[in-house]
Amino acid sequence: MSEAKTVVLIRGDGIGPEITDAVLKVLDCLKLNLRFIEAEIGLKAVERFNDPLPEDTLNLLREYKVGLKGPTTTAIGTGFKSVNVGLRKALDLYANVRPAVSMTGVKSRYENVNLVTIRENTEGLYSGIEHEVVPGVVESLKIVTRKASTRIAEFAFNYAREQGHKKITFVHKANIMKLSDGLSLECYREVAKNFPEIPVEEKIVDAMAMELVLHPEKFDLLLMENLYGDILSDLCAGLVGGLGLAPSGNIGVNGAVFEAVHGSAPDLAGKGSANPTALLLSAAMMLDYLGLHREAQQIDAAIKKTIAQGKFVTADLGGKSSTLEYTSAVIDHLGV
């Protein structure tokens, strides 16, 4: 047997521990050679270490290179900065990958969505460089570099080639932000020349939002900068039933962290009703990243069977089942 692969496990806040337990139950049934080391970020890390993003956690992720993370809480307007943004910047997890795929049994306006957003994860307005110029006037700087724009484009084209995507859409606002978005667009175009077999198109971000709502089936892989990706990836999740079905991976040169993109839902914590699907799908993405493709497909198929059957699904999916009942149904469909 090969040496166990160590994964840094971050349970998160709110419903995070409950949905993490559900994921661990599913992974345990697959008899994978994985070892989990627990670490903390977010509110629990503040309580224990007075630091929402402890250096010890970052060092574990640097050492073991793969993390699985539950949702964490970030205060709005006050308090500590987003630990998600801080984590990605600290580990240079420059590529955010978020698939959005329609599922039989999920009520939504569309039945044929199958797309992925790839978002630059380390700069743009999320660089967090803000200051008050004078009372009542705040300035926030958007940072765009050739290096970051080029490498996210290279990542997207390589991902498209490996995963069989047929088209890439560049999303931008270069008609207004001619220097910043103009630089990103220039880099995307340059990289595209090295992948002549992959068709490309360009869409202004506001028009892109409208077209996604009108005809999401027209799109395949969307490439964009940080803020646009954050917004449009949530829109894409809405096309297929909501954030409860939205997995993600944050990937860098030296590692990756996979996480559910929804919030920590503190109002649901402890009630046993949370939907673990997004974190389960993120765990499947993690297995794929680790080369465990068959097991990743088993989880994906088991989730789809459970939801299509509709007998044991959580309230957000139109059912009445608990987290445990839903998880047990997924396990029953694993075929192990």
Side-chain angles (χ1 to χ4, degrees), residues 12 14-16 19 69-74 76 82 84-85 95-121 124-126 156 165 167-173 203-250 258-268 273-282 284-285 300 303-304 306-308 310 313-319 326:
I15 61 171
I19 61 174
K69 175 184 165 295
T72 50
T73 299
T74 300
I76 298 175
S82 167
N84 291 330
V85 173
N96 179 268
V97 180
R98 282 183 57 176
V101 181
S102 295
M103 288 193 191
T104 301
V106 177
K107 292 181 180 179
S108 65
R109 296 179 182 273
Y110 308 94
E111 297 179 351
N112 52 354
V113 177
N114 187 353
L115 55 81
V116 61
T117 57
I118 293 184
R119 154 193 173 194
E120 202 292 316
N121 227 1
L125 280 171
Y126 282 19
H165 290 276
K167 180 179 71 172
I168 294 180
T169 304
F170 304 151
V171 182
H172 65 91
K173 193 67 176 175
K203 295 287 182 182
I204 295 172
V205 61
D206 41 325
M208 183 77 244
M210 179 189 70
E211 292 199 39
L212 280 171
V213 172
L214 290 173
H215 299 292
E217 74 283 353
K218 291 168 50 178
F219 301 99
D220 187 353
L221 189 153
L222 312 180
L223 168 62
M224 65 203 82
E225 61 96 67
N226 208 337
L227 177 63
Y228 308 152
D230 193 10
I231 295 169
L232 289 187
S233 58
D234 274 21
L235 187 157
C236 291
L239 300 176
V240 299
L243 291 177
L245 302 171
S248 76
N250 301 289
F258 299 87
E259 63 179 340
V261 298
H262 58 69
S264 57
D267 54 318
L268 295 179
S273 60
N275 177 8
T277 300
L279 192 58
L280 270 170
L281 289 171
S282 300
M285 289 180 70
D300 186 72
I303 289 169
K304 289 176 178 176
T306 302
I307 292 175
V313 293
T314 51
D316 60 311
L317 296 176
Y326 171 80

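Position 1 is the first residue of the sequence; numbering continues from there.
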Quick check: do [X] and [Y] have side-chain heavy atoms less than 4.5 Å from each other?
{"X": "M103", "Y": "V240", "answer": "no"}
{"X": "L235", "Y": "L232", "answer": "yes"}
{"X": "R98", "Y": "V116", "answer": "no"}

All side chain to side chain donor-acceptor pair (under 3.5 Å) counterparts of [X], not counting sequence neighbours:
{"X": "T314", "value": "D316"}
{"X": "Y126", "value": "D230"}
{"X": "S248", "value": "none"}

Check for a donor-acceptor pair, side chain of E225 on one end and backbone N or O of Y228 on the other, with a separation under 3.5 Å.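 The answer is yes, because a donor-acceptor pair under 3.5 Å joins these two groups.
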
When you measure from the side chain of S264 to the backbone of G14, do you find a donor-acceptor pair of N or O atoms at a distance under 3.5 Å?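 Answer holds: no.
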
For F258, enumerate each residue passing the ring pair (Phe, Tyr, Trp, His ring centres under 6.0 Å) test, keeping only those at least two apart in sequence or located in another chain.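 Partners of F258 by the ring pair (Phe, Tyr, Trp, His ring centres under 6.0 Å) criterion, ordered by chain and then number, come out as Y289.
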
Partners of H172 by ring pair (Phe, Tyr, Trp, His ring centres under 6.0 Å), sequence neighbours excluded?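 Partners of H172 under the ring pair (Phe, Tyr, Trp, His ring centres under 6.0 Å) test: none.
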
Shortest non-hydrogen contact between [X] and [Y], atoms and distance:
{"X": "G241", "Y": "V106", "value": "CA-CG1, 3.8 Å"}
{"X": "A278", "Y": "A260", "value": "CB-CB, 3.8 Å"}
{"X": "G16", "Y": "P71", "value": "CA-CD, 3.7 Å"}
{"X": "H262", "Y": "N275", "value": "NE2-O, 4.4 Å"}

Sort and list the pairs that fulfil side chain to side chain donor-acceptor pair (under 3.5 Å) and have at least one residue in residues 102-119, not counting sequence neighbours.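 Every pair satisfying side chain to side chain donor-acceptor pair (under 3.5 Å) with a residue in residues 102-119: R119-N226.
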
Any side-chain donor paired with an acceptor under 3.5 Å for N250 and K69?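 Looking only at side-chain atoms, K69 and N250 do not form any donor-acceptor pair under 3.5 Å.
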
In sequence, state the C-alpha distance, the side-chain angles, and the governing distance for I168 and D220, and then conclude on side chain to side chain contact (heavy atoms under 4.5 Å, CB included). CA-CA 7 Å; I168 294 180; D220 187 353; over 6 Å; no

I need the K173 NZ to M208 CE distance, nearest 0.5 Å.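 It is 13.5 Å, given to the nearest 0.5 Å.
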
Is there a side chain to side chain contact (heavy atoms under 4.5 Å, CB included) between K203 and L222 once you walk through the steps? CA-CA 10 Å; K203 295 287 182 182; L222 312 180; over 6 Å; no

